Amino acid sequence: MRVLLTGCTGFIGRHVVAQLLTQGHQVVAVVRQPEKLKGFSWGHAVEPICHDIHAPEPLDMRRAGKVDMLVHLAWPGLPNYTADFHFEENLPADCRFIKALLDQGLQRVLVTGTCLEYGKQGGCLAEDCPTNPVTMYALAKDALRKYLQSLQEASPFTLQWARLFYMYGDGQNPHSILAQLDKAIETGEKTFNMSGGEQLRDYLPVETVADTLVSLAEHQATGIFNICSGRPISIRRLVEEHLEKRQASIRLNLGHYPYADHEPMAFWGNSHKFDSLKQSALR
């Protein structure tokens, strides 16, 4: 499979590239700065196309050659979830970029969404739960999905919407909780400031997320798929397990930060849809 990929140098993208190459696929990487690819072990193995998704000029598919599908991971500006630019800049840029490729004959598209599309709904969330986003980031992602679904009515194409829950691992944002914890351990801090830690969330190692996305791309299935573990874990337990793994001792200053107001206290994903797809492929 020959894949046109955006966001290849991002947290998820770098792992998706590695997994695609491991599985024997070809990767055509859309990047603004091709020289950044040299910093990755797989940099020499991908075909770079220098293009800015936010530029008004569409990407000419002839530059990429014949591709089987687009895997669209790029989305700048995170982890700022509340800024207007998600809706005012990122959303229209993505709409233009993807529609231009569809107009040139692209038939298969995989786009990453977010669990924040569900809004403040709690408990175990399945793909058929209604969306009710409360942040600009989630609102923009939800609108992009609906826009692409509307395009399917006029010009049928395969759309896979991969709704991501929480991830951790190499390349994660330095402001994420485990990255901050690692920094505190490495600098010899005696205490680690965090929230009360009672929130229940759904976490996966980023390598598992990448493997799941590639597996989804290899199937012709269409629709929305939760990319999640299906198992809730408290933030406090997540931190404690990471400390055990690092064999580190640090006092947790619980309650230092307030709980986020854009998320419910307890929610996690239902992974049954993707699990069933994977099981059917093994039969």
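None of these values were measured; they are calculated from a predicted model. Below, each value reflects all heavy atoms present in this structure, side chains not excepted, and no hydrogens, waters or symmetry copies.
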Cluster link Val111 to Leu116, ILVMFWY, side chain under 4.5 Å
yes

Looking at Leu200 and Pro232, what are the two nearest heavy atoms and their distance?
CB-CB, 4.3 Å

Check whether the ring centres of His242 and Tyr168 lie less than 6.0 Å apart, and answer yes or no.
no

For residues 13-21, which side-chain donor-acceptor pairs fall under 3.5 Å, sequence neighbours excluded?
residue, atom, partner, partner atom, Å
Arg14, NE, Gly10, O, 3.0
Arg14, NH2, Thr9, O, 2.9
His15, NE2, Asp170, O, 2.9
Gln19, NE2, Asp211, OD1, 3.0

May I ask you to check whether over 12 heavy atoms, not counting those of Arg32, lie within 6.0 Å of atom CZ?
no

Looking only at non-hydrogen atoms, find the nearest pair between Pro258 and Ser195 and report the distance.
O-CB, 4.4 Å

Between the side chain of Glu218 and the main-chain N/O of Met1, is any donor-acceptor distance below 3.5 Å?
no

Exactly one of Val71, Thr112, Thr208 clears side-chain contact (heavy atoms from CB on, under 4.5 Å) with Leu213, and that residue is Thr112

Rounded to the nearest 0.5 Å, how far does NE2 of His262 lie from NZ of Lys120?
9.5 Å

Test item: Glu263 side-chain N/O and Ala260 main-chain N/O as donor-acceptor pair under 3.5 Å
no

Strictly distance-based, threshold 3.5 Å: is any side-chain N or O of Arg163 a donor or acceptor partner for the main-chain N or O of Ile224?
no

Value rounded to 0.5 Å, distance of OG1 in Thr158 from CG in Leu106:
9.5 Å

How far apart are the C-alpha atoms of Thr22 and Val214, what are their side-chain angles, what is the distance that settles it, and do they pass the side chain to side chain contact (heavy atoms under 4.5 Å, CB included) test?
CA-CA 10 Å; Thr22 297; Val214 172; over 6 Å; no

Interatomic distance, NE2@His51 vs CG@Leu4, rounded to 0.5 Å, equals 9.5 Å

Nearest atoms (heavy-atom pairs only) where Ser215 meets Phe274:
OG-CZ, 3.8 Å

Keeping Arg108 on the side-chain end and Gln220 on the backbone end, is there a donor-acceptor pair under 3.5 Å?
no

For the side chain of Asn226 and the backbone of Leu125, is there at least one donor-acceptor N/O pair under 3.5 Å apart?
yes

Look at Lys146 together with Glu117 and state whether they make a salt bridge at an N to O cut-off of under 4.0 Å.
no

With side chain to side chain contact (heavy atoms under 4.5 Å, CB included) as the test, would you mind laying out the steps for Glu189 and Gln180 before giving the verdict?
CA-CA 11 Å; Glu189 299 293 331; Gln180 293 184 67; over 6 Å; no

Is it possible for you to say whether Val30 and Leu102 belong to one hydrophobic cluster, with membership spreading through side-chain heavy-atom contacts below 4.5 Å?
yes

Residues passing the salt bridge (charged side-chain N to carboxylate O under 4.0 Å, His left out) test with Glu57, sequence neighbours excluded, are none

With hydrophobic residues grouped by side-chain heavy-atom distances under 4.5 Å, do Trp268 and Val206 end up in a single group?
no

Of all heavy-atom pairs linking Phe192 and Ile177, the shortest is CZ-O, 3.8 Å

Between the side chain of Gln152 and the main-chain N/O of Phe157, is any donor-acceptor distance below 3.5 Å?
yes

Answer yes or no: is there a donor N or O on one side and an acceptor on the other, between the side chain of Tyr203 and the main chain of Arg231, under 3.5 Å?
no

Please check if the number of heavy atoms outside His272 that lie under 6.0 Å from its NE2 is greater than 12.
no

I'd like to check the side-chain contact (heavy atoms from CB on, under 4.5 Å) partners of Glu244; sequence neighbours left out, ordered by chain and number.
Arg237

Give a yes-or-no answer on whether the side chains of Gln160 and His219 include a donor-acceptor pair shorter than 3.5 Å.
no

Look at the rings of Tyr81 and Tyr137 and say which category their plane angle falls in: under 30° parallel, 30 to 60° tilted, over 60° perpendicular.
tilted

Going by heavy atoms in the side chains, are Trp161 and Leu144 under 4.5 Å from each other?
yes

Dump the intermediate steps for side chain to side chain contact (heavy atoms under 4.5 Å, CB included) on Ser249 and Leu243, then the final yes or no.
CA-CA 7 Å; Ser249 178; Leu243 287 173; over 6 Å; no

Atom CG of Leu238 and atom CG of Leu178: how far apart are they, to the nearest 0.5 Å?
4.5 Å

Measuring only between side-chain heavy atoms, which start at C-beta, is Arg2 closer than 4.5 Å to Val67?
yes

Rounded to the nearest 0.5 Å, what separates atom CD1 in Ile49 from atom CG in Leu5?
11.0 Å

Show the numbers, then the answer: is there a side chain to side chain contact (heavy atoms under 4.5 Å, CB included) between Asn80 and Thr82?
CA-CA 6 Å; Asn80 184 342; Thr82 60; 3.4 Å; yes

Between Tyr147 and Lys99, the two heavy atoms sitting closest are OH-CD, 3.0 Å

CA sep, side-chain torsions, deciding dist, call: Arg145, Asp142, salt bridge (charged side-chain N to carboxylate O under 4.0 Å, His left out)
CA-CA 5 Å; Arg145 175 183 56 80; Asp142 194 48; 2.5 Å; yes

Closest non-hydrogen atom pair, Phe11 against Gly169:
CE1-O, 3.6 Å

Check for a donor-acceptor pair, side chain of Thr6 on one end and backbone N or O of Leu73 on the other, with a separation under 3.5 Å.
yes

For Leu159, does its backbone N or O pair with a side-chain atom of Thr222 as donor and acceptor, under 3.5 Å?
yes

How long is the straight-line distance from SG of Cys115 back to NZ of Lys141, given to the nearest 0.5 Å?
12.0 Å

Sub-3.5 Å donor-acceptor pair from the side chain of Asp202 to the main-chain atoms of Ser229, do we have one?
yes

